[in-house]
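Remember, it's a predicted structure, so these values are computed and weren't measured experimentally. To find a chain, count down the sequence lines: A is the first, B the second, and so on, and within it residues start at 1.
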2 protein chains.
Amino acid sequence: MKTTVKSDIEIAQASTMKHIVEIAMKMGLEEDDLELFGKYKAKISNEALTKLKTNESGKIILVTSINPTPAGEGKSTVTVGLGDAFTRIGKKAMIAMREPSLGPTMGIKGGATGGGYSQVLPMEDINLHFTGDLHAITTANNALAALIDNHLQQGNELNIDQRRIVWKRAVDLNDRALRKVIIGLGGPLQGVPREDGFDITVASEIMAVLCLAKDLKDLKLRLSRMVVAYNINKEPVTVADLGVEGALTLLLKEAVKPNLVQTIEHTPALIHGGPFANIAHGCNSVIATIAAAKLADYVITEGGFGADLGAEKFLHIKSRSAGIKPEAVVIVATIRALKMHGGVAKTELEKENISSLILGFANLQKHIETIKSFGLPVVIAINKFITDTDLEVQTLLDWCQKENVAVALTEVWEKGGAGGIELAEKLLSVIEKDENDFHSLYDLSDSIEQKVRTIVQKVYGGKDVEFSPKAKKQLVDFEKFGWSNLAVCMAKSQYSLSDDPTKLGRPTDFIVNVREFKPSIGAGFIVALTGEVMTMPGLPKKPAALNMDVDENGNAVGLF
Amino acid sequence: MKTTVKSDIEIAQASTMKHIVEIAMKMGLEEDDLELFGKYKAKISNEALTKLKTNESGKIILVTSINPTPAGEGKSTVTVGLGDAFTRIGKKAMIAMREPSLGPTMGIKGGATGGGYSQVLPMEDINLHFTGDLHAITTANNALAALIDNHLQQGNELNIDQRRIVWKRAVDLNDRALRKVIIGLGGPLQGVPREDGFDITVASEIMAVLCLAKDLKDLKLRLSRMVVAYNINKEPVTVADLGVEGALTLLLKEAVKPNLVQTIEHTPALIHGGPFANIAHGCNSVIATIAAAKLADYVITEGGFGADLGAEKFLHIKSRSAGIKPEAVVIVATIRALKMHGGVAKTELEKENISSLILGFANLQKHIETIKSFGLPVVIAINKFITDTDLEVQTLLDWCQKENVAVALTEVWEKGGAGGIELAEKLLSVIEKDENDFHSLYDLSDSIEQKVRTIVQKVYGGKDVEFSPKAKKQLVDFEKFGWSNLAVCMAKSQYSLSDDPTKLGRPTDFIVNVREFKPSIGAGFIVALTGEVMTMPGLPKKPAALNMDVDENGNAVGLF
C-alpha cells in the first residue's frame with residue numbers, strides 16, 4: 001500500500017543498477033557503441049546510430065492522459081511501468097522519455113523520472129546535470145544571444161532593429177527576476193541598451209530543434225533557419241544570416257546523442273530532450289524515439305500534458321516530421337482526476353463519489369474520440385490509487401466496456417512492471433486486432449487559420465477560433481515570408497480542453513482566442529498563443545533547495 | 001620547424017589516444033576508481049580520492065613565467081612538455097592544469113591546452129563542455145542568484161538591502177551586453193527591480209571556492225561563508241544565512257571531482273578548475289594538485305599570468321591553504337618576450353636585437369629574485385622560437401650563468417617531451433642540490449594593508465601602496481567583520497610588475513594604487529583591486545564562432 005512504502009528517492013537509492021554496458025548488450029549494442037558517463041549512463045555514438053538505420057523498426061506506443069488536474073495522473077510512471085511490463089512478458093522493450101529541467105527541481109520537490117517502483121535510474125543524476133544536454137542547449141542559446149548583441153555593437157551590418165530582437169537568453173533555473181530585463185547598460189563600450197528577457201532552457205527554440213532533428217546535418221539546417229530578429233525593413237534575420245549555425249552545431253554535437261539509462265527493473269530507457277509542451281511540442285527527441293524503435297520491438301514513449309496537447313503534437317508535429325507511425329495510444333486516467341473533472345474539490349477526493357466520477361468521464365471520452373479520429377487504437381490505463389473504492393473502479397470499467405474501449409488497471413507505482421502486465425497484454429491485443437489507419441487531421445497545405453481551427457474543433461471540441469487583430473496581421477507577414485505551410489503548435493492551458501483553465505470536464509460551444517503567433521522556423525512550426533504563457537517559472541516561498549544536501553559519501557540528500 | 005608543422009588541432013586530431021583506464025592504471029588506479037566520460041576522459045571517484053590520502057606525496061614543480069607580452073611565452077605548452085619529458089626520462093610524472101573557459105573560445109581562436117606536440121587531449125572536448133564542471137559552477141552561481149532574488153520577492157526576512165547585493169549572475173560566454181543590466185522589471189509579480197550584472201563563470205567566487213576546497217565537506221563550509229549581500233544595517237549576509245549551502249554543494253558534487261586526461265605522449269594530466277588569475281588565485285584545484293601528488297612522483301603544475309601574480313598566489317594562497325610545498329619553480333621566458341620588455345615593438349620582433357634583449361632581462365631578474373625570496377630553487381626555461389638567433393640565445397644563457405641561475409632550452413612545441421628533457425634534468429638537479437627553505441613573505445596575522453604592502457614591495461619591487469578613501473573605509477568594516485586575517489589576492493595588470501600595463505621591463509619607485517577591496521570570504525581572501533578589472537570579456541568584430549563547424553562524422557572543425 002502506498003502509505004507504507006518508501007519515498008521515490010529511498011526506493012531509487014535502494015535499487016541495484018546493472019552496468020549500462022550490460023543493459024546496452026541486451027539490445028544488441030556493444031560497449032564500443034556507447035560513450036560512457038560513469039557506470040550507469042551512456043550516450044549512443046553517432047557511428048552506432050548510423051549502423052542502426054538498417055534495422056527494422058519496432059512498434060511505437062504513445063502514452064498520453066486526460067487533462068491534468070492537481071490530483072495527478074502518473075503518466076511518466078505508467079510509461080516506465082509499461083516498459084517494465086513488456087520486458088516481464090518477454091518482449092524486447094525500450095522506453096523513450098523526456099529529460100527533466102534542473103530549474104524546477106530547486107523550486108518544488110518532485111522529479112520527472114517516474115515514481116515508486118516505476119522509475120528510471122540514476123534518478124538524482126537525471127534530475128540534476130545528467131549528461132549535460134541542457135547545459136549545452138543553454139550555452140548554445142546564450143552564445144547566439146551574445147553573437148546577436150555583438151553584431152549590434154560591431155556596426156550592425158544586417159540592420160537589425162534592436163527593438164525587434166526576438167531571440168531571448170536562457171537559464172535552466174526558475175528565476176522570475178530575469179523575465180524582463182534591460183541589458184547593454186554602462187555606456188558605449190558595454191553594448192547597445194535594449195529590452196531583453198530570459199526563458200527557462202526547455203523553452204528555448206534550440207530545445208525544440210534538437211528534439212525534432214533527425215541527425216547532426218538536419219540539426220544544423222534547422223538551427224540555420226531560426227529567426228532571431230527582424231531588420232529595419234521588418235524582414236526576418238536568421239542564424240544563417242549571422243553565419244553561426246556551424247558554431248551552434250558544434251556546441252550541440254554531444255547533446256544531440258541520446259542518453260541510455262535503465263529502469264529499476266533494468267528495462268533500457270532513452271532519456272533525451274525535453275521541450276516545453278506549450279510553446280513547443282513536448283516530446284523527447286526524434287533521434288531517441290527512432291533509435292529505440294531500431295533497438296527494441298516495443299517502444300513506450302509519452303507526450304506532455306493531456307492528449308489535447310501532448311498527443312496532438314506528437315501525432316501532428318513529431319510523427320509527421322520524423323515519419324513515425326504509432327501502433328496504439330494509452331490514455332492514462334485516475335479515478336481522482338476524473339472526479340475533479342466531474343466537479344469534486346481536491347480536498348474531497350478521498351470520499352467515494354460515483355455521480356461526479358460519471359460526470360468526469362466526459363473528459364476521458366473526448367480524448368478517446370480524438371485518438372480514434374487519428375485512426376489509432378486506444379487503451380485506457382486506470383492508474384490505481386489506494387483511495388479508489390471498488391465501486392468507483394467498477395463504474396469506470398463498466399463505462400469503458402459500454403464505450404467499447406479497451407481498459408486495464410495499472411498498479412505500477414506500487415508493483416513496478418508487475419502492475420502493468422494487464423495493460424501490456426491489452427495493448428498487444430489491440431495492436432493485433434484493431435485497425436490502424438493513422439492519419440493527420442490537417443494538411444500542411446491548409447492555411448494556418450484552418451490548421452488552428454481543425455485542432456480547436458476536432459481535438460478540443462470547440463466551436464470556433466477568434467484571432468486577435470495582431471494575430472491576423474502576423475499571418476499576412478507569414479504568408480509573405482513563406483511560413484504558411486508549417487505545422488501549428490498550440491500554446492493553450494493544459495487543464496482544460498478549452499483555453500479557459502477553469503473549464504474542466506468536457507466544455508462545449510467554446511471559442512478559443514488566439515492572441516498572437518510565435519514563429520519557430522527552426523523547429524518547423526508556428527506557435528499559436530492563447531492566453532499568457534509562462535516561459536520562466538518562479539521559485540516558491542520555501543524552495544526545495546532549502547532541504548537539499550550531500551551526505552559524507554557524496555550522495556544526494558533531500559532531493560525528493 | 002614551426003613554420004612547416006601542422007596546426008594545433010591537426011596535430012591533436014592526428015594523435016592516437018590510449019583508453020583512459022590504461023592511463024589511470026599506469027598511476028596505480030583501477031577502472032573502478034574512475035567515472036568514465038567516454039573513452040578518453042574520466043573523473044576520479046570520491047572513494048579513490050579518499051584511498052589515495054595514505055599515499056606518500058610526490059614532488060610538486062610550479063611553472064610560471066615572466067610578465068606576459070603579446071609575443072607569447074607558452075607557459076602551458078612548457079608545463080605539458082615538461083610532464084612528457086619527465087615521463088621520457090623514466091619518472092612517474094603527472095600534470096595538473098586549469099580547465100579552460102568555453103566563452104573565449106567563441107571569440108578569439110586559440111585553446112588553453114598547450115600547443116604543438118605538447119598538448120593535452122582530447123583538446124576539442126577540454127576546450128568545449130569537457131566534463132561539465134563549468135556548467136555546474138554556472139548553475140550553482142545562478143541558482144544562488146535566483147534564491148537571493150526570490151528571498152527579496154518573498155518578504156525579505158533577512159532585510160537584504162537590494163542596492164547592496166554583491167552576488168552577480170554568470171555565463172560561461174563573452175557577452176559584454178550582460179555586464180550591466182537591470183533585472184526584475186515587469187511589475188510586482190516579476191520580482192524586485194534592481195541593478196545587476198553578469199561575470200564570466202571563471203570569475204565566480206564559486207570557481208575560486210571549488211579550487212581551494214580540500215574535499216566535499218570543505219567545499220560546503222566555504223560555500224556557506226560566501227557573502228552575497230549586505231543588510232539594511234550594512235552587515236554581511238551569507239549563503240549560510242540563506243540556508244542554501246547544501247543545495248549548492250549538491251549542484252557541485254560531481255564538478256568537485258578532478259578530471260583525468262592524457263597528453264599526446266600519454267602522460268596523465270588532471271585538468272580541473274580554472275579561476276581568474278586577477279580577481280581570484282588563477283591555479284587549478286587543490287584537489288587535483290594533491291591527487292596528482294599522491295599518484296605521481298613528479299607533478300608539474302602552473303599558475304596564471306606571470307610570477308608576480310600566478311606564482312605569488314600559488315605560493316601565498318593555494319600552498320598555504322592546502323599545505324602544499326613546491327620543490328622548485330620554472331620561470332618560462334622567450335627571447336621575443338624579453339625583447340618586448342626591453343622596448344622592441346611587436347612588429348620588430350623577428351630582427352636580432354641584443355641590446356634590447358639585455359634590457360629585457362631585468363623583468364626576468366626580478367622574478368628570479370622573488371622566487372628565491374620564497375626560499376625556492378629556480379630554473380629558467382627558454383621556450384625557443386624559430387626566429388631566435390644563436391647570439392640571442394647565447395646571450396641569455398650567458399646572463400643566466402652570470403646570475404647563477406639554472407637554465408634550459410626547451411623545444412616542447414616542436415618536439416614534445418623530447419624538447420623538455422634538458423629542463424627536466426636541470427630540475428632534478430636543483431631539487432637535489434639546492435636548498436629549499438619555502439616560506440611565506442607575509443603572515444596572515446599581518447594587517448591587510450601590510451600584506452598588500454609586502455606583496456608590492458617584495459614581489460613587484462614597488463615603493464609603496466596608496467589606498468583610496470573607499471578602500472580605507474572598507475578595511476575598517478573588514479576588521480569589524482573579522483576578515484583581517486584572510487590572505488590577500490591582488491587584482492593587477494598582468495603585463496607589468498606595476499599597476500600600469502605600459503611599464504614593461506622592471507619598473508622601480510612606483511606606487512600601486514588600491515582602488516577598492518572585494519571580499520571573497522568563501523575562497524578565503526580579500527581581493528585588492530588596482531585599476532579596472534574586466535570580469536566579462538566581449539567578442540571581437542569577427543568572432544571565431546564564424547569559422548566553427550562540425551564535419552559529417554561529428555568532429556569539430558575550425559575550433560583552433
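- The choice from Leu147(B), Leu185(B), Asp149(B) that makes the most heavy-atom pairs within less than 4.5 Å of chain A is Leu185(B).
- The OG1 atom of Thr105(A) lies 9.5 Å from the CG atom of Leu250(B); values are rounded to the nearest 0.5 Å.
- No part of Lys217(B) comes within reach of chain A, as not one of its non-hydrogen atoms sits under 4.5 angstrom from that chain.
- Contact of Leu152(B) with chain A is not made at all, since no heavy-atom distance falls under 4.5 Å.
- Both the backbone and the side chain of Asn142(B) have a heavy atom closer than 4.5 Å to some heavy atom of chain A.
- For the set Asn555(B), Val244(B), Leu178(B), Thr138(B), the count of heavy-atom pairs under 4.5 angstrom toward chain A peaks at Leu178(B).
- Proximity of a side-chain donor or acceptor of Gln153(B) to a complementary backbone N or O of Leu539(A) within less than 3.5 Å is not detected.
- Counting all heavy atoms, side chain and backbone alike, Lys39(A) lies closest to Leu34(B) at NZ-O, 4.2 Å.
- Smallest separation of non-hydrogen atoms from Ala247(A) and Ala545(B): CB-O, 3.3 Å.
- Only the backbone of Asn553(B) comes within less than 4.5 Å of a heavy atom in chain A; its side chain stays farther off.
- At a 4.5 Å heavy-atom cutoff, Pro193(B) makes no contact with chain A through either its backbone or its side chain.
- The most heavy-atom pairs under 4.5 Å with chain B, out of Thr139(A), Thr131(A), Val256(A), Leu242(A), come from Thr139(A).
- Under the ring pair (Phe, Tyr, Trp, His ring centres under 6.0 Å) criterion, His129(A) pairs with His135(A), not counting sequence neighbours.
- A donor-acceptor pair under 3.5 Å is absent between the side-chain atoms of Arg179(B) and the main chain of Gly191(A), judged by distance alone.
- Once rounded to the nearest 0.5 Å, the distance linking CD of Glu254(B) with CZ of Phe130(A) reads 13.0 Å.
- Residue with the most contacts toward chain A among Val557(B), Asp172(B), Leu189(B): Leu189(B) (heavy-atom pairs, distance under 4.5 Å).
- If you tally non-hydrogen atom pairs under 4.5 Å between each of Lys41(B), Lys253(B), Lys542(B), Glu195(B) and chain A, the highest count goes to Lys253(B).
- Across Val171(A), Asp175(A), Leu173(A), a single residue satisfies side chain to side chain contact (heavy atoms under 4.5 Å, CB included) together with Arg169(B), and that is Asp175(A).
- In this structure, the portion of Asn46(B) lying under 4.5 Å from any heavy atom of chain A is its side chain and not its backbone.
- In this structure, the separation between CD on Glu552(A) and CG on Leu216(B) is 10.0 Å, given to the nearest 0.5 Å.
- Rounding to the nearest 0.5 Å gives a distance of 8.5 Å between NZ of Lys541(B) and NE2 of His151(A).
- Distance CG/Asn150(A) to CG/Asn174(B): 9.0 Å, rounded to 0.5 Å.
- Heavy atoms closer than 4.5 Å to chain B are found in the side chain of Leu128(A), but not in its backbone.
- Scanning for salt bridge (Lys or Arg N to Asp or Glu O under 4.0 Å) contacts around Glu31(B) gives an empty result, with sequence neighbours left out.
- For the set Ser45(B), Gly132(B), Ala143(B), the entry with the most heavy-atom pairs within less than 4.5 Å of chain A is Ala143(B).
- If you tally non-hydrogen atom pairs under 4.5 Å between each of Leu134(B), Val550(B), Ile182(B) and chain A, the highest count goes to Ile182(B).
- With a threshold of 4.5 angstrom between heavy atoms, Lys220(B) approaches chain A through side-chain atoms but not through N, CA, C or O.
- Heavy atoms closer than 4.5 Å to chain B are found nowhere in Leu248(A), neither backbone nor side chain.
- Asp196(A) places none of its side-chain heavy atoms less than 4.5 Å from the side chain of Val181(B).
- In this structure, NZ on Lys43(A) lies 11.5 Å from CZ on Phe37(B), to the nearest 0.5 angstrom.
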